[in-house]
Visitor: 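Once you've had a glance at the structure underneath, I'll fire off some questions.
Every heavy atom of this structure was used, including side-chain atoms; hydrogens, water molecules and symmetry mates were not. Convention: sequence-line order gives letters A, B, ...; per-chain numbering from 1.
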There are 2 protein chains.
Amino acid sequence: MVTIKDIAKLAGVSPSTVSRVVSNHPRISLDTSRKVKQIMEELGYHPNIMAKSLVSKTTQTLAILLPRPAEELFQNFFFGELLRGILTVANRSGYDTLLTTATGEHDEIESVARLVRGRRVDGIILLSSRVNDPIVAYLAQSEFPFVLIGSCQAHPDILSVDNDNTQAAFDATQHLIAQGHERIGFVSGPANLTVSNDRLHGYQKALEAYRLPIRSEWIVEGEFLQESGYRAMSLIMSLPERPTALVVIDDVVAFGVLRGLTELGYKVPDDISLVSFNNIALSELASPPISSIDIGTYQLGYTAAQALIRDVQEQPVQTARMVIPHRLMIRESSLSTMIKKG
Amino acid sequence: MVTIKDIAKLAGVSPSTVSRVVSNHPRISLDTSRKVKQIMEELGYHPNIMAKSLVSKTTQTLAILLPRPAEELFQNFFFGELLRGILTVANRSGYDTLLTTATGEHDEIESVARLVRGRRVDGIILLSSRVNDPIVAYLAQSEFPFVLIGSCQAHPDILSVDNDNTQAAFDATQHLIAQGHERIGFVSGPANLTVSNDRLHGYQKALEAYRLPIRSEWIVEGEFLQESGYRAMSLIMSLPERPTALVVIDDVVAFGVLRGLTELGYKVPDDISLVSFNNIALSELASPPISSIDIGTYQLGYTAAQALIRDVQEQPVQTARMVIPHRLMIRESSLSTMIKKG
DNA sequence: ACGGACTGTGCAAACGTTTTTACAACGAAT
DNA sequence: ATTCGTTGTAAAAACGTTTGCACAGTCCGT
């Protein structure tokens, strides 16, 4: 392995001089600099990053931390977009990115502590919207730089990036109401996620605003999986009184709902209209194409990484709570030609 | 920051002893071990990973290296599955995982060199199937542990994991032939990827085996994008003589083809049958559900990580070239009830 | 009582950097 | 001629670990 000393010896200078050449120290003569650089080139020298980190106390590395069952996330197609947003910023700023999952129960904290206390990374991007996430609690108390993608009701004051999910769900519901629907159901995600709660809340607010009845049997909780949508759909459609439209927590779930409806012979959007969230690339390729709230996934990752890096570098961070705008993409699944009333 | 020395002082032992406690050295008395461990617990000690790496010359870190325009990959939905396979193995074996992209042209090599020469990681998982990838060339010559997911015609001897894409395409084509098709087209990917070449080759071999004509105008090259499928489809369908079935390089592309065919009023599978590759979760949710070759994406990642870790740890590695079995998932898109003959 | 094997611990060097401090050489200003 | 600022370089300490070597103490067989 070629070290700074090898270069120094060959160039007839001291190691410190080589180090200064590498870091473009102002008080190095052009001659020395050229000579050293040439030798570095010849030997293919690259500084040992561990040694560098040890003394500089910075790793130039961020961690993307996925909480417990990451399985779900990997399957979910907006994950790639999110990564892309994060990596774009990180690379540009010279940071490497560690992809880590916090597994185990008490272990969960332990695996974060390893990163934090072991100075493994300079900052953490945490993907979570658990209502009360112990990892958030740990990080908040540890004073370690981190940003949350999502939100945590127990810690509203931390650095985080999220959508206005309540407003988004309001918009989605309002759109269905504008299409003439009066009986609207909601297929939700796990109740311990703020994203589920917020969207449910927005849905309810919209119904209230338009004085439409909120029927608890039309609200079904599930997971972020197709199966979940399928099941929720059959549950709702087996009721004596059925809704004419559904707001669905996630596109993948909506795919499950759609499959179920099609199997049962319902026509979308004519029998049942659909609006969902996240606007993954395939939503518009479903048949019919699914209306979906675009949450600016790339922006979410991009903004989070940017804020974190600012924080790490102790530049002033603008706001603790950043909101990425959403946008309703209206497609065929919510454009019924004839509405069935009450 | 709490270091090994702090623990040592409080426990009234030397730093070396603490180190030995941490690494479960056999010749430490139970008493000392307990005392030290308790103090570590109290202070929340975690060893500084950089210092550790510096002396041990191992980082316990792998890099997942995505070649040039990673954009495409992030959009492609089997990426998540692949990551999941890799992370499962890596975590279990105590490795962290760096997600890196090699950007720039000459920079491409430079960014890899930084990882390799700077001892940033212990090994690299390279995602690529470029016919002649300079990164593969660099890594092969550098003696650095790495595994290729995909294959590289210029370096057939390196450690790699791939499918038998030729056979897979043969199977797909044969399936269409068995359904009675005699005029079969092929929507391919970029010509500089071995995956495109292999699959094209398998397709041609199948046609030859059954003495069916190979028509070059029915073979269209494109990208791994929906748009690409859409364009390829309209190109092929504008010909005076049209195929009755298409083999498509990738599910996402097939979605584009399907959309195009539907728009033009063709019925799938009755007018045109489809088989594609990769079997992403949404293939079966298309309408009609798309027949697809499952390439064992999770297995691909899992096997690659496993092989790499073996290599890094200098355990004997079984074979240089590992082949993950594929499986044709037959769905409605290739099950035409009535076949139009030549 | 003695040599040896074994057990438990400490000392110090090493890993490859960065950075503070020091200092030599030089030109310019007094 | 002396002082002073500037420029370029070197020496050495520090970062937090691991680990080979040394050594004191204990236990055992003779």
Visitor: Check every strand shown and say whether A:G12 touches a base, only sugar-phosphate, or nothing at a heavy-atom separation below 4.0 Å.
Guide: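 Sugar-phosphate contact only.
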Visitor: Want to settle it: does B:L30 or A:V18 sit nearer the 5' end of DNA chain C, counting the closest nucleotide to each?
Guide: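 By nearest-heavy-atom nucleotide position, the 5'-most residue is B:L30.
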Visitor: Using atom CG of A:N48 as one end and atom C1' of D:dT17 as the other, report the distance to the nearest whole Å.
Guide: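 Going from A:N48 (CG) to D:dT17 (C1'), I get 14 Å.
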Visitor: When you measure from the side-chain N and O atoms of A:S14 to the phosphate of D:dA10, is any distance below 4.0 Å, counting only OP1 and OP2?
Guide: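 Yes, such a contact exists.
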Visitor: Check whether any side-chain nitrogen or oxygen of B:K57 sits under 4.0 Å from OP1 or OP2 of C:dG16, and answer yes or no.
Guide: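 Checking B:K57 against C:dG16: at least one side-chain N or O falls below 4.0 Å of OP1 or OP2.
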Visitor: Let me know the distance between CZ of A:R34 and P of D:dG8, rounded to the nearest Å.
Guide: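 Those two atoms, CZ and P, are 13 Å apart.
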Visitor: Among the nucleotides C:dT17, D:dA11, C:dG8, which one has an atom lying closest to any side-chain atom of A:S16?
Guide: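 Comparing C:dT17, D:dA11, C:dG8 against the side chain of A:S16, the answer is D:dA11.
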Visitor: Can you see if the side chain of B:S23 gets near the phosphate of D:dT18 - specifically, an N or O under 4.0 Å from OP1 or OP2?
Guide: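 Answer is no, no contact under 4.0 Å.
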Visitor: Find the distance B:R117:CZ to C:dG16:C1' and express it as a whole number of Å.
Guide: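 It works out to 15 Å between those atoms.
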Visitor: Quick one: does A:I7's side chain get under 4.5 Å of A:V36's, heavy atoms only?
Guide: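 A:I7 vs A:V36: side chains touch.
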Visitor: Rounded to whole angstrom units, what separation is found between the CE atom of A:M50 and the C1' atom of C:dT18?
Guide: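 Rounded to whole Å, this separation is 16 Å.
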Visitor: Report yes if a side-chain nitrogen or oxygen of B:S19 is closer than 4.0 Å to either non-bridging phosphate oxygen (OP1 or OP2) of D:dT17; otherwise report no.
Guide: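 No, no such contact exists.
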Visitor: If I take atom CD1 in residue A:I7 and atom C1' in nucleotide D:dA10, what distance separates them, rounded to the nearest angstrom?
Guide: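 After rounding, the reported distance stands at 18 Å.
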Visitor: Separation of A:L54 atom CG from C:dT17 atom P, in whole Å?
Guide: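 Distance check: A:L54 CG to C:dT17 P gives 12 Å.
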Visitor: Quick check for you: among D:dA10, D:dT18, C:dG16, whose closest atom lies nearest to any side-chain atom of A:R20?
Guide: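 Output: D:dA10.
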Visitor: Between A:N163 and A:I324 (side chain of the first, backbone of the second, donor and acceptor by atom type, cut-off under 3.5 Å), is there such a pair?
Guide: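 At least one qualifying donor-acceptor pair exists.
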Visitor: So if I take every side-chain heavy atom of A:K52 and compare against C:dT9, C:dT18, D:dA11, which nucleotide ends up nearest?
Guide: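 Of the options given, the side chain of A:K52 lies nearest C:dT18.
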Visitor: Is any NZ, NE, NH1 or NH2 atom of the basic residue among A:E108 and A:R114 found under 4.0 Å from an Asp or Glu carboxylate oxygen of the other?
Guide: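 Result for this pair is no, no salt bridge flagged.
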Visitor: Looking only at side-chain N and O atoms, does B:K5 come under 4.0 Å of OP1 or OP2 in D:dC15?
Guide: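 Result: no.
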Visitor: Mind calculating the distance between CE (A:M1) and C1' (C:dG16) to the nearest angstrom?
Guide: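 My rounded result for the distance is 7 Å.
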Visitor: Is the phosphate of D:dT9 approached by A:T17 (side-chain N or O, under 4.0 Å from OP1 or OP2)?
Guide: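 No.
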Visitor: If the cut-off is 4.0 Å, is B:T32 near the phosphate of C:dG8, judged by side-chain N/O to OP1 or OP2?
Guide: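 For C:dG8, OP1/OP2 do not have a side-chain N/O of B:T32 under 4.0 Å.
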Visitor: Does B:S29 or B:V55 map to a spot on DNA chain C nearer the 5' end, using the closest nucleotide for each?
Guide: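 Of the two residues, B:S29 wins.
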Visitor: Is a side-chain donor or acceptor of A:T100 paired with a backbone partner of A:I64 at a separation under 3.5 angstrom?
Guide: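 Checked: pair present.
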Visitor: May I ask you to verify whether the side chain of B:R27 and the base of D:dT26 hold a donor-acceptor pair under 3.5 Å?
Guide: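 Answer no: no donor N or O sits under 3.5 Å from an acceptor.
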Visitor: May I ask you to evaluate whether A:Y45 reaches the phosphate of C:dT17, defined as a side-chain N or O under 4.0 Å from OP1 or OP2?
Guide: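 So the side-chain polar atoms of A:Y45 do come within 4.0 Å of the phosphate oxygens OP1 or OP2 of C:dT17, strictly under.
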Visitor: Is it the case that over 12 heavy atoms from other parts of the model lie below 6.0 angstrom from the CD atom of A:Q315?
Guide: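 Count over threshold, so yes.
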Visitor: Roughly how many Å is it from NE2 in B:H25 to P in D:dG20, rounded to a whole number?
Guide: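 It works out to 10 Å between those atoms.
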Visitor: Are the side chain of A:D122 and the backbone of A:Q60 linked by a donor-acceptor contact shorter than 3.5 Å?
Guide: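 It does hold such a pair.
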